[in-house]
Number of protein chains: 2
Amino acid sequence: MKPTIYDVASKANVSIATVSKVLNSSGRISDETRKRVLKVIEQLNYQPSMMATALTGKSTFTIGLLIPDMANPFFAELTRNIEDRGHELGYNLLICSTDYHPDKEQNYIELLKRKSVDGIILASGFEKTSEVDKLVKEKFPVTIVARDFPSTYVNSVSLDDFQGGYEATSYLIQLGHRQIAVLARNVWSNRERMRGYEKALEDHGLEKYDVFTFVEKSTVEWGKKVATEYLRCGKPLTAIFACNDLLASGAIQAARSRDLHVPNDISIIGFDNTVIATLVDPQLTTMAQPIRAMGREVMDLMVGEIKKEEQSKRRIVLSPTLVKRGSTAELNK
Amino acid sequence: MKPTIYDVASKANVSIATVSKVLNSSGRISDETRKRVLKVIEQLNYQPSMMATALTGKSTFTIGLLIPDMANPFFAELTRNIEDRGHELGYNLLICSTDYHPDKEQNYIELLKRKSVDGIILASGFEKTSEVDKLVKEKFPVTIVARDFPSTYVNSVSLDDFQGGYEATSYLIQLGHRQIAVLARNVWSNRERMRGYEKALEDHGLEKYDVFTFVEKSTVEWGKKVATEYLRCGKPLTAIFACNDLLASGAIQAARSRDLHVPNDISIIGFDNTVIATLVDPQLTTMAQPIRAMGREVMDLMVGEIKKEEQSKRRIVLSPTLVKRGSTAELNK
DNA sequence: TCAGTTAAGTAAAGCGCTTTACCAAATGTC
DNA sequence: GACATTTGGTAAAGCGCTTTACTTAACTGA
């Protein structure tokens, strides 16, 4: 079976303590013995069991990441950047996909802890904060990403979603739009973006568009479905603010199937600036998230927290940027 | 710190053995004691350490998944389906993204093993088979997905990539196309699809399009870049067979930037039938992979292998289906 | 009534590692 | 040459769990 430290020790004619020292380059070992041990390790293709190692209290250089939805390119790209930075820092990433299910969240957090990860990164998605509170209370290293978490006791890096919603909407208003609907999912970030949207309307003395449903999933299909409902209900509508690119793409399809031209008949603005934004026709005007920066920052924060126990927490809030493309245009009167 | 079995035992006035028995519902325990122990477990929010449990040789109900690229919707969707099926069967999924790096592959395989997963699912991507061989030799449960692995000693579920390439190309030929270029990445599945492509040409007495470069990454950008080169080189070209939807989308963009109309001036066919296929304009004609079935089958195979040790291995090969959409049309003479 | 069961629980070994003593031999010091 | 150090290494405890004996105490039945 798998070789253990005993196999190595006996084959190298030393004690397991010696092997362990060679492994961790701790203690004093003569050059000769070290080489002999290393050779045996090589020969047996020995890999110390993390189970056993972790059991003794050493860190595992593994970080868990909980994401709500692999299929959303935003999270895929975020994950990718987190992984990359982790790799640079010598940490491995264990990814768990929760599909926005609170019980899966809890389940996977337990799993990761029981697998002795050094820390857990929680990406957006979760609604209940109780899981986070629990981790914090246990002094388990957690970092939040893509979700503001106004609290002094946990590290986080997030986007200013409110500002994003505000800017996106303001841009549409500035283009002359007055009837602006919104496409959102009932999750924290989207609600923030909607707050921004409402504030923008208010600041310009406009009324909120009063036909509204939350989509159930952040998919193209749902975007199309709900946008179609909006368009069908008869209420005039010249622009749609979609809370992510997937939904925006759905909205484009909806418009098209109603023979509306984007952007001439209707403007559509997205959010995230994922790969999708440049795929659709017309390409999406969208609020870009600094995905790469977010990924790197959150991993840095996480590793920082793991390394030096008692450090003060930081809450990093990044700003979105408007990327103008073809899906929005001035309202033609 | 984290409560251990000892904390539970002493607080419940029993031995740790008793607690363990309650935990695993093994052995004989009076109802009274069981309840008392369970209550304490609840109170302390005790979760047995998987490290310690695994160390004693019990299975962890965790399966590792290695995927090459989260950002490719095909893998994202596949992962999603694997996870879902695992969840149904009571297994957790630990995902690792290798970014097509052989050393990350090896690294993560080691990691997963050291984290005591019960088995590992390897998705496509990997070029070297040595890692697989190693796992097999160690009798470590492995299953391959999205990659045919002609071997009698490992479970796999894959697509008939050759047939896919053959059918896609045949369809183009049937539409009247004679000059067909191919967009592919130098990975196993793509090479198989190309074999199919070549065979189809041959069967119809056509010559292979002899301008060819592999793309370096399966991204829209690379698809666009290489397709642009094809279009610029002057060799007549009426259709492109792209080995995945990402590349096909890039090809559409390339065509558009050269003012070629898709499909009137040039037909483009993709592969995978991911969400992207319906996003782009025109929507992609593409060879659909039964992603959902693949995900479920591979998880079933994996769990089967984990449960009963010495079972014979199965190699499941699924068929692709042609999905006709707007990106292909009859060649207009 | 007493040997034979059964029921309920415990002690202790073992899983593979790290780490803290501790020890013997070699080396240094005056 | 006697003592203090340094070097290179080991024994053993402990990490948190499972599991295999083993021990009581209570329950059978003829």
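Order of the sequence lines fixes the chain letters, A, B, ..., with proteins taken first and strands second; residue numbering starts at 1 for each chain.
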note: A/M51, atom CE; D/dC17, atom C1'; distance rounded to Å ~ 13 Å
message: Main chain of A/S59, side chain of A/D118: is a donor-acceptor contact present, judged purely on distance under 3.5 Å?
response: no
In whole angstroms, the gap separating P of D/dT19 from CG of B/N24 amounts to 6 Å
### Query
Hey, is the side chain of B/S20 poking within less than 4.0 Å of OP1 or OP2 on D/dT18, counting only N and O atoms?
yes
Between CD1 of B/I5 and P of D/dT19 the distance, given in whole Å, is 11 Å
Atom CD1 of A/I41 and atom P of C/dG16 are separated, to the nearest Å, by 16 Å
**Prompt:** Side-chain N or O of A/Y6 less than 4.0 angstrom from OP1 or OP2 on C/dG14?
**Reply:** no
Between CG of B/D7 and P of D/dG16 the distance, given in whole Å, is 8 Å
Restricting both atoms to N or O, compile the protein contacts to nucleotides 7-11 of chain C shorter than 3.5 Å, with distance only.
from, atom 1, to, atom 2, distance (Å)
C/dA7, OP2, B/R28, NH2, 3.3
C/dG9, OP1, B/S30, OG, 3.3
C/dG9, OP1, B/T33, OG1, 2.3
C/dG9, OP2, B/S30, N, 2.7
C/dG9, OP2, B/S30, OG, 3.3
C/dG9, OP2, B/T33, OG1, 3.2
C/dT10, OP2, B/S15, N, 3.0
C/dT10, OP2, B/S15, OG, 2.9
C/dT10, OP2, B/T18, OG1, 2.4
C/dT10, O4, B/K21, NZ, 2.7

Got a donor-acceptor contact below 3.5 angstrom from the A/N72 side chain to the A/F74 backbone? yes
Open item on the list: Could you check whether any side-chain heavy atom of B/Y46 comes within less than 4.5 Å of a side-chain heavy atom of B/I5, counting everything from C-beta outward?
Closed with: yes
When rounded to the nearest 0.5 Å, the distance separating OH of A/Y6 from OG of A/S15 is 10.0 Å
Taken to the nearest whole Å, CZ/B/R114 to P/C/dG16 is 15 Å
- Message: I want to check something: taking the side chain as every heavy atom from C-beta on, are A/I109 and A/K134 in contact at a cut-off of under 4.5 Å?
- Response: no
Looking only at D/dT18, C/dT18, C/dC15, the nucleotide nearest the B/L55 side chain is C/dC15
Problem set entry | Beyond-backbone contact of B/E88 with B/M299, side-chain heavy atoms, under 4.5 angstrom | no
